[in-house]
Amino acid sequence: MSVRVLRPGMLTTVQDLGRPGLGALGVPPSGAMDGFALRLANRLVGNEDGAAGLELTLLGPEILFEADCAIALAGAHFDAQLAGRPLPHAEAVQVRGGETLALGRALDGLRGYLAFSGGITVEAVLGSRSTFLPAGFGGFAGRALRAGDMLSLARGKEPDALRRLRPGALAGPASPAVVRVVIGPQSEAFSAAGHATFLASSYSVSSRSDRMGVRLEGAPIERVAAADLPPEGLAPGAIQVPGDGQPIILGADRPTTGGYTKIATVISVDLSLVAQARPGDALRFAAVDVAEARRFWREREELLASALEPLDR
Amino acid sequence: MPSRASFRWVGDRAILRELSGDLVGANRAARVLRAELAELAAGEVEDLIPGARSVLVLLREGTEASGELLEMLAGEHLGAASSERSGRLHEIPLAYGGADGEDLKEVARLHGLSEKAVVLAHSAVVYEVGFIGFSPGFPYLFGLPATLATPRLATPRTRVPAGSIAIGGEWTGIYPRATPGGWRLIGRTDVVLFDPRCDPPALLAPGDQVRFLSR
């Protein structure tokens, strides 16, 4: 069972939930930038959360299905046509062999996740099917998809495993707007004025952003200590501030260690907002504490568990 | 707030434990702590990322840090009793200078040395791998003679060739693949430092020793 790529889109890669646990080898986790959206897409088609799907960026691909399967699109909304009919968002759809899915531009957000029932079965590298573009391994031949690529799929579950998102169940903000952070780990490296700048200013997402880091442009953050530290492990969502005072939010392909001071760290639930921020979008930051951040995570998990319903049959 | 001797939260699922003392001692203490944390095999731990003088504990999403884990992170962890040099010795053949090490001339000039003197000093040392970081298989090596310590470039290169041997501050290291980088390039090797299909994928491990052999 396979699908053929007719047109690759802007940057379409195979991603699962990453290869965690290899930091000591210098290997980043990679995986979906918006892991929550990939999990949702997988659940819609009856897959395990960690099945491999496609991460689409801004402009989606065109895909020909060589056999029947089910698909679901989550994350950013895309202009999407399946055999000439609009493809619903966050809802499993049965596809027949010979049909073509044409994905156009993202209508909001940056990254869409396309799950296939059964999941994509590229060979796992270091325990994951995720693509790590900078080193060229994992995913499909270690690279973004190109026209002509053939992706193999595993056999999916029965059609009664298919789901849709209940309307309004996971209503998120249309634009990222406010990203919540836990201050630190190097809060002492920044002046009171620097902290005030960070929490009161609006930052614009730079076009130089990628899966390693979302670069922001705005009021420089004043520091009281040097920008350099002995290199230390980098957490997902860590916000490093190099000497120029412009923050960088670290993504799934981040270096495992780094030596820039970090003013704050994006909380786990809001990594999806960062993943969906487009170049030119404005972001603001709001501080919460660790306990609150963990509560937000639990609440969203409870919401996800109750947000899906069977398709009408 | 946690004191310097303790740990600090990094976001909602990571904890950073820094070790005190001089860099070599703190690095060895961090390696010992990382090994102890790995042995604890706490189910909530997703990754233990070593740094120059720290360990970053990354927790699995939705899990809580156990009391046992927090207790170990809050402990003393002095480097004194830690393991001494015990790793394998790797000999890395390389070519110094010229097109293979574009910054050798500048490093020599900054230190008032001849290029030959820099090469002799750099290749006379048996280095120790402090940790692997930054990118897959990149070794941070201890033991650079103080006379060769050189600040990083003010503006990093957008592309450093694979196999480049470089100096960054008090460290020397090897770029396993072409990446952006701000260290001073002094030589180049053909040795493959990282192959995701090998077991282990990284040639070098913390505690291993490295000697550079000038071709």
Side-chain angles (χ1 to χ4, degrees), chain A residues 17 19-29 35 123 125-126 132 134-138 142 180-188 228-239 243 255-259 262 264-269 271 288-298 301, chain B residues 1-2 7-16 18 23 26-27 30 34 38 45-58 60-62 64 130-140 151-152 154 168-171 176-180 193-197 200-202 205-206:
Chain A
L17 295 179
R19 49 179 69 78
L22 301 177
L25 296 174
V27 176
E123 188 194 352
V125 176
L126 296 172
F132 179 44
F137 65 75
R180 294 165 294 182
V181 300
V182 173
I183 298 297
Q186 279 94 33
S187 55
E188 72 283 359
D228 285 348
L229 292 170
E232 64 185 29
L234 297 175
I239 305 175
T256 53
T257 63
K262 293 162 291 288
T265 309
V266 176
I267 69 173
S268 296
V269 282
L271 290 174
V288 298
D289 65 31
V290 172
E292 288 175 294
R294 300 187 136 248
R295 181 162 55 79
F296 297 142
W297 173 268
R298 287 194 300 274
E301 288 301 295
Chain B
M1 290 301 289
F7 54 78
R8 42 176 117 187
W9 279 89
V10 181
D12 57 18
R13 54 179 286 235
I15 305 170
L16 180 69
E18 292 166 281
L23 190 53
N27 178 265
R34 187 180 178 280
V45 173
E46 180 171 291
D47 204 355
L48 298 167
I49 307 175
R53 54 184 313 141
S54 62
V55 180
L56 184 80
V57 180
L58 188 59
R60 287 181 209 284
E61 286 176 334
E64 298 289 334
F131 66 104
I132 306 290
F134 174 60
S135 87
F138 186 107
Y140 281 75
R152 294 182 291 179
E170 56 195 310
W171 303 90
R177 60 186 170 88
T179 50
L193 284 123
F194 188 85
D195 181 342
R197 289 166 201 285

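The structure displayed is predicted, hence computed values, not measured ones. Letters A, B, ... are given to chains in the order of the sequence lines, protein chains preceding strands, and every chain is numbered from 1.
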How would you list, by chain and number, every residue that makes a side-chain hydrogen bond (donor to acceptor under 3.5 Å, both in side chains) with B:Arg13, sequence neighbours excluded?
B:Glu46

Under 4.5 Å from any heavy atom of chain B, what part of [X] do you find: side chain, backbone, both or neither?
X: A:Leu229; result: neither
X: A:Val27; result: both
X: A:Ala235; result: both
X: A:Phe296; result: neither
X: A:Leu234; result: backbone

Check whether any side-chain heavy atom of [X] sits under 4.5 Å from a side-chain heavy atom of [Y], and report yes or no.
X: B:Phe131; Y: A:Pro231; answer: yes
X: B:Val10; Y: A:Lys262; answer: no
X: A:Pro230; Y: B:Glu18; answer: no

Counterpart residues, side-chain contact (heavy atoms from CB on, under 4.5 Å), relative to A:Pro29 (two or more places apart):
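Checked A:Pro29 against side-chain contact (heavy atoms from CB on, under 4.5 Å); matches are A:Arg254.
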
Flag, side chain of B:Asp12 to backbone of A:Ser268, donor-acceptor distance under 3.5 Å:
yes

Measuring from atom CZ of B:Phe138 to atom OG1 of A:Thr257, what distance do you get when rounded to the nearest 0.5 angstrom?
8.5 Å

For the CG atom of A:Leu25 and the CG atom of B:Asp47, what is their distance to the nearest 0.5 Å?
9.0 Å

Answer with side chain, backbone, both or neither: which region of [X] has an atom nearer than 4.5 Å to a non-hydrogen atom of chain A?
X: B:Pro50; value: both
X: B:Glu170; value: neither
X: B:Arg197; value: side chain

Which one, [options], leads in non-hydrogen pairs under 4.5 Å with chain A?
options: B:Gly51, B:Pro196, B:Gly133; answer: B:Pro196
options: B:Leu58, B:Thr179, B:Leu56, B:Val57; answer: B:Leu56
options: B:Ala30, B:Ser135, B:Ala14; answer: B:Ser135
options: B:Ser54, B:Pro200, B:Ala52, B:Pro201; answer: B:Ala52

